[in-house]
Visitor: 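Shown below is the structure under consideration.
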Amino acid sequence: MTETQSPSSSPTDDSPGFHEAARREKLRRMIELGHDPWGSRYDDRSLMRELRARAGEIRFVQASGKEVEIPDRAAEPDLDFRGWLQDQGKGEMRGPKVRAAGRIVLSRDAGKLRFLNIQDWTGNIQLLVGKAQVGEANWALAECFDLGDIVGASGMLAFTKTGELSIFVEELTILTKCVAPPPDKHAGLADPELRQRMRYLDLAYTDGVRERFLQRTKVVQSIRSTLGKQGFCEIEGPTLHSIAGGAAARPFTTHHNTLDIDLFLRIALELHLKRLLVGGMERVYELGRVYRNEGISPRHNPEFTMLEVYQAFGDYRSMMDLTEAIVADAIEAIDGNFKRPWGESVIDFSPPFDRKTYDELFAEHTGVDPQDTAAVAKLAESIGFDTAGKHPDVIKSEVFEEKVEDALVGPIFVIDYPASICPLTKRKKSNPNVAERFELFVQGMEVANAYTELNDPDLQEQLFKTQLAGLSEEDSMAKMDHDFIRALKHGMPPAGGLGIGIDRLVMLLTNSPSIRDVILFPLLRPEA
RNA sequence: GAGACCGUAGCUCAGUCGGUAGAGCACGGCACUUUUAAUGCUGGGGUCGUGGGUUCGAGUCCCACCGGUCUCACCA
C-alpha cells in the first residue's frame with residue numbers, strides 16, 4: 001500500500017502498469033466530479049435473485065392505456081421478443097423502482113448508451129444507462145467506470161427491446177473503484193497457483209467458485225442442524241494439546257512462553273470429547289480445525305476440518321445411522337440430488353449405504369483368507385512389503401490399504417476392523433480380536449471413521465502402553481495419556497463415536513477433485 | 001523427501017529447425033440510443049520465473065535455484 005501513486009498522476013500508455021494508471025486517471029476524474037470513489041453505506045438494495053423474481057410485475061402499457069403482460073421467455077424460449085414488442089404498437093414498459101449494487105463484470109457501449117452487467121453474490125443483472133435518460137452528471141460518472149468497479153444503481157426494472165431484464169438507470173453511484181485490472185472477463189482465472197494465492201479473484205471472476213464455497217457453508221450448517229435436532233451439543237475443545245493424541249499423525253509443535261512448555265496443535269478432537277462424556281455431556285460434538293504435519297496432496301491439507309460426534313449409550317451401529325442422516329441432510333441442503341456427478345462417473349448417495357466387513361472385503365479383493373496369517377504375509381511380500389518383525393494385523397492392514405481401499409467406490413461402510421490396530425475401540429464381545437469400528441469409503445477415500453468407544457480404563461491403559469510391532473511411536477495411535485486414563489476410571493458411559501472429514505465430504509458432494517478446491521486458503525509456500 | 005511436467009503482455013493462451021516476440025480478451029483513441037464475450041476502425045502494452053552456461057545468435061539447448069501441478073512416499 002505504500003507504493004500507491006497519487007490519484008493525480010497521469011496515465012502513461014507506454015509504461016508497465018499502464019492498466020492501473022488508466023484506472024487511477026478515472027479515479028481522479030471521479031473525485032473531480034465530486035464522487036467518493038470508496039463509497040459508503042448503500043441501503044434498500046435488492047439482491048439480483050430478488051430482482052429476477054420480480055420480473056413478473058413488469059407490464060407493457062399500450063398508448064390506449066391497456067396493460068399487457070410480458071410473455072415468460074423461460075416458458076417460450078423460441079419467442080421473438082423484438083417482434084412481439086413491435087406487435088404491441090406504441091407504448092412503454094412499466095416496472096417497479098429498484099436499487100441494486102454489484103461489481104461490473106461486463107460492459108458494452110453503443111454511443112450514448114451503455115450496458116453494464118453488475119454482479120452480486122446471488123446473480124447478475126444488466127444496467128441500461130442512456131445519456132439522455134440519466135443526465136450529464138450520471139453520464140460523466142458512468143464514463144469513469146471500469147470492469148471490476150463496484151457500483152450502485154437505481155431505476156425501473158423492465159425489459160429491453162431484446163427482452164433482457166434490466167434496470168433502466170436513473171441514478172448511478174460509485175461504491176468502490178477497482179484500480180487493478182481484473183482477470184479475463186470470460187475465462188476468469190485458470191492458473192491454479194493464482195486461483196489459490198488470490199482466492200478473492202477466483203471467487204469474484206471464476207465461474208462456479210463462489211457457488212461451491214457457499215455449498216460448503218450449507219453442508220456445515222446442515223450438519224449443525226442435523227445434530228442439533230437430535231439433541232447434540234456443540235462444544236469447543238482446546239487446540240493446544242500437551243499430548244497429541246486421538247490419531248496417528250505427526251503434530252505441529254509450538255511453545256508457550258509463560259509456562260515455558262512445548263505444546264502441540266491438535267491432530268484430533270477425540271480425547272477431550274470423551275472426557276465430556278465422563279462429565280455427563282451425553283451427546284456432544286465439535287466441528288473444527290485439526291492440524292497434521294504431513295504431506296500435501298489433492299486429498300490432504302496440513303490443516304483441515306473435522307467433525308467428531310459422541311453419543312452416550314450408543315455404539316458404532318448408531319453412528320452408521322447418524323452418518324447416513326448427516327450425509328442425506330447435507331445433500332438435501334445443497335440441491336436434493338442423491339445421484340451426484342463425480343468426474344466422468346456418478347456417485348449414488350441414497351441411503352442406506354452398503355455394509356461389508358473388513359475380512360469379507362479383504363477376501364473379495366485379494367482372494368486370500370484374511371485369517372490365514374501366513375498367506376496374508378506371503379501376499380504382502382509379493383506386493384513388495386517388508387513383513388519382518390511386523391504384527392500380522394499391521395501386515396494385513398497394509399495389504400488392505402494397497403489392494404482394497406482404492407477399489408471401494410462406495411459409499412460403503414467397512415465394518416469390524418482387526419482389534420490390534422484400534423487402540424481406542426471396544427472389542428466385540430463375541431471375538432476380542434475384532435474391534436467395533438467402521439470407516440466410510442467413497443471413491444477410495446476415507447470419509448468417516450467411527451467406533452464403539454473403549455471405556456475400560458485398564459484395557460485402555462494397557463493398549464496405550466503396547467506399541468504394535470512394526471509401528472514407530474510416531475506412527476502409533478497409542479500415546480500414553482494418563483489424564484485421559486484417570487478420566488475413564490471415573491466412568492465413561494458406553495458410547496458411539498464418529499469422525500467425518502468435512503473437506504473430503506464437501507469434495508465428494510461438489511464434484512471437486514482436489515481438497516484445495518474446497519478450502520478457501522490452502523497452505524502454499526510463500527511467494528519469493 | 002523422489003520423479004515427470006509446467007512458468008511467455010493485466011488475464012487466457014500460441015510460439016515450427018536456435019535467427020529481431022504473436023493472438024484473443026483487457027487498456028487508450030474514434031464512431032454508434034437496445035447491446036448480450038456488442039460491433040467497426042485505430043493505437044499502445046514484454047527483463048519470455050530468476051541466475052549462470054553453450055552459441056556469431058537462446059523464449060527455444062544445458063546447469064542451478066524459485067514457484068506450481070501431478071504421481072509416488074508420508075498420512076496405520
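All figures in this text were calculated on a predicted structure; none of them were measured in a lab. Chain A is the first sequence line, chain B the second, and so forth, proteins listed ahead of strands; every chain is numbered from 1.
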Visitor: Given B/C70, B/G68, B/A76, which nucleotide is nearest the side-chain atoms of A/Ser397?
Guide: B/A76
Visitor: As a test of understanding, state which of A/Thr357, A/Thr452, A/Thr323, A/Ile412 forms a side chain to side chain contact (heavy atoms under 4.5 Å, CB included) with A/Phe438.
Guide: A/Thr323
Visitor: Which whole number of Å gives the distance between the C1' atom of B/C66 and that of B/G24?
Guide: 30 Å
Visitor: Heavy atoms only, 4.0 Å cut-off, all strands: where does A/Gly295 land among base, sugar-phosphate and nothing?
Guide: base
Visitor: Does A/Arg108 put a side-chain nitrogen or oxygen below 4.0 Å from OP1 or OP2 of B/U35?
Guide: no
Visitor: When A/Lys396 is tested against each of A/Thr366, A/Asp359, A/Thr373 for side chain to side chain donor-acceptor pair (under 3.5 Å), which residue passes?
Guide: A/Asp359
Visitor: Angle between ring planes, A/Tyr358 versus A/Phe362, binned at 30° and 60°: parallel, tilted or perpendicular?
Guide: parallel
Visitor: Are more than 12 heavy atoms, taken from residues, nucleotides or ligands other than A/Asp207, located less than 6.0 Å from that residue's CG atom?
Guide: no
Visitor: OP1, OP2 of B/U69 versus side-chain N and O of A/Arg516: anything below 4.0 Å?
Guide: yes
Visitor: Drop me the distance from A/Leu269's CG to A/Lys274's NZ, to the nearest 0.5 angstrom.
Guide: 12.0 Å
Visitor: Taking atom P in both B/U47 and B/C11, what distance in whole Å separates the two?
Guide: 12 Å
Visitor: Between the protein and nucleotides 12-15 of chain B, list every N/O to N/O distance that falls short of 3.5 Å.
Guide:
from	atom 1	to	atom 2	distance (Å)
B/U12	OP1	A/Ala190	N	3.0
B/U12	OP1	A/Asp191	N	3.0

Visitor: B/G10 phosphate, OP1 or OP2: any side-chain N/O from A/Arg23 under 4.0 angstrom?
Guide: no
Visitor: Between A/Arg24 and B/C27, does any side-chain N or O lie under 4.0 Å from OP1 or OP2?
Guide: no
Visitor: Expressed as a whole number of Å, how far does the C1' atom of B/C6 sit from that of B/C13?
Guide: 14 Å
Visitor: Given A/Asp517 and A/Ser512, is the side chain to side chain donor-acceptor pair (under 3.5 Å) satisfied, shown in steps?
Guide: CA-CA 6 Å; A/Asp517 296 332; A/Ser512 304; 4.9 Å; no
Visitor: Can A/Glu57 and A/Arg54 be said to form a salt bridge (Lys or Arg N to Asp or Glu O under 4.0 Å), step by step?
Guide: CA-CA 6 Å; A/Glu57 297 175 30; A/Arg54 294 189 69 181; 2.9 Å; yes
Visitor: Rounded to whole Å, please give me the gap between NZ in A/Lys112 and P in B/U34.
Guide: 12 Å
Visitor: Considering all heavy atoms of both residues, which atom of A/His19 and which atom of A/Pro181 are nearest to each other, and what is their separation?
Guide: CB-CG, 3.8 Å
Visitor: Please measure how far the C1' atom in B/U12 lies from the corresponding atom in B/A58, and state the result in whole Å.
Guide: 26 Å
Visitor: Could you tell me how far apart A/Phe252 (CZ) and B/C74 (P) are, to the nearest whole angstrom?
Guide: 18 Å
Visitor: How do A/Ala110 and A/Met198 order along RNA chain B: which one's closest nucleotide is nearer the 5' end?
Guide: A/Met198
Visitor: Would you mind checking if A/Arg266 and A/Glu286 are paired as a salt bridge, meaning a charged N to carboxylate O distance below 4.0 Å?
Guide: yes
Visitor: Take atom CD of A/Glu401 and atom P of B/A76, then tell me their distance rounded to the nearest Å.
Guide: 8 Å
Visitor: What interatomic distance, in whole Å, is found between C1' of B/G18 and the corresponding atom of B/U55?
Guide: 9 Å
Visitor: Between B/A76 and B/A2, how far apart are the two P atoms, rounded to whole Å?
Guide: 23 Å
Visitor: Please report the shortest heavy-atom distance between A/Glu170 and A/Lys97, naming the atom on each side.
Guide: OE2-CE, 3.2 Å
Visitor: Under 4.0 Å, counting only non-hydrogen atoms across every strand here, what does A/Thr206 touch: a base, just sugar-phosphate, or nothing?
Guide: nothing
Visitor: Is the backbone of A/Asp416 close enough, under 3.5 Å, to the side chain of A/Arg437 for a donor and an acceptor to pair up by distance?
Guide: no
Visitor: What does the list of N/O pairs under 3.5 Å between the protein and nucleotides 5-9 of chain B look like, with a distance for each?
Guide:
none

Visitor: Could you tell me which non-hydrogen atom of A/Thr425 sits nearest to which non-hydrogen atom of A/Glu436, and how far apart they are?
Guide: CG2-O, 3.3 Å
Visitor: Of the nucleotides B/U34, B/G45, B/A26, which has the atom closest to the A/Thr160 side chain?
Guide: B/U34
Visitor: Apply the syn/anti split at 90° from 0 to B/C17 and say which one it is.
Guide: syn
Visitor: Quote, to the nearest angstrom, the C1' distance that separates B/G22 from B/G46.
Guide: 11 Å
Visitor: Closest to the A/Arg292 side chain: B/G45, B/G67, B/A76?
Guide: B/A76
Visitor: Closest nucleotide of RNA chain B for A/Gly111 versus for A/Cys422: which of these residues is on the 5' side?
Guide: A/Gly111
Visitor: Look at A/Lys26 and B/G28 and indicate whether a side-chain polar atom (N or O) is within less than 4.0 Å of OP1 or OP2.
Guide: yes
Visitor: OP1 or OP2 of B/G68 less than 4.0 angstrom from a side-chain nitrogen or oxygen of A/Arg525, does that happen here?
Guide: yes
Visitor: Whole angstrom is fine here: how far is it from CD in A/Glu294 over to C1' in B/C74?
Guide: 6 Å
Visitor: Would you kindly give the CG-to-P distance between A/Asp146 and B/C25, to the nearest whole Å?
Guide: 17 Å
Visitor: Determine the Euclidean distance between corresponding C1' atoms of B/G40 and B/C32; express it in Å to zero decimal places.
Guide: 9 Å
Visitor: Tell me every residue that passes salt bridge (Lys or Arg N to Asp or Glu O under 4.0 Å) with A/Glu405, counting only those two or more places apart in sequence or in another chain.
Guide: none
Visitor: Rounded to the nearest angstrom, tell me the gap between atom CH2 in A/Trp84 and atom P in B/U34.
Guide: 19 Å
Visitor: Quick test: give all pairs of protein nitrogen or oxygen and nucleotides 39-41 of chain B nitrogen or oxygen below 3.5 Å, distance rounded to 0.1 Å.
Guide:
none

Visitor: Just checking A/Lys378: does its NZ atom have more than 12 heavy atoms from other residues, nucleotides or ligands closer to it than 6.0 angstrom?
Guide: no
Visitor: Mark yes or no for a side-chain to base donor-acceptor pair under 3.5 Å between A/Gln126 and B/U35, with no hydrogen or angle criteria applied.
Guide: yes
Visitor: When Watson-Crick pairs (N1 to N3 and N6-O4 or O6-N4) and G-U wobble pairs (N1-O2 and O6-N3) count only below 3.5 Å on both distances, what is the dot-bracket string of RNA chain B, with | for other-strand pairs?
Guide: (((((((..((((.....[..)))).(((((.......))))).....(((((..]....))))))))))))....
Visitor: Between B/G68, B/A38, B/U34, which one does the side chain of A/Leu106 approach most closely?
Guide: B/A38
Visitor: Would you mind classifying the nucleic acid contact of A/Lys185 as base, sugar-phosphate or nothing, using non-hydrogen atoms under 4.0 angstrom?
Guide: sugar-phosphate
Visitor: Can you list the steps and then say if A/Arg114 with A/Glu143 is a salt bridge (Lys or Arg N to Asp or Glu O under 4.0 Å)?
Guide: CA-CA 9 Å; A/Arg114 286 175 163 246; A/Glu143 286 186 307; 5.3 Å; no
Visitor: Indicate, with a heavy-atom threshold strictly under 4.0 Å, whether A/Ala132 touches base, sugar-phosphate, or nothing.
Guide: base
Visitor: Nearest whole Å is fine: how far is B/A73 P from A/Asn293 CG?
Guide: 19 Å
Visitor: Is the closest basic N to carboxylate O distance between A/Glu364 and A/Lys356 below 4.0 Å?
Guide: yes
Visitor: Could you pull out all residues at least two apart from A/Glu294 that satisfy salt bridge (Lys or Arg N to Asp or Glu O under 4.0 Å)?
Guide: none
Visitor: So what does A/Gln196 hit on the nucleic acid, given a heavy-atom distance under 4.0 Å: a base, only sugar-phosphate, or nothing?
Guide: sugar-phosphate
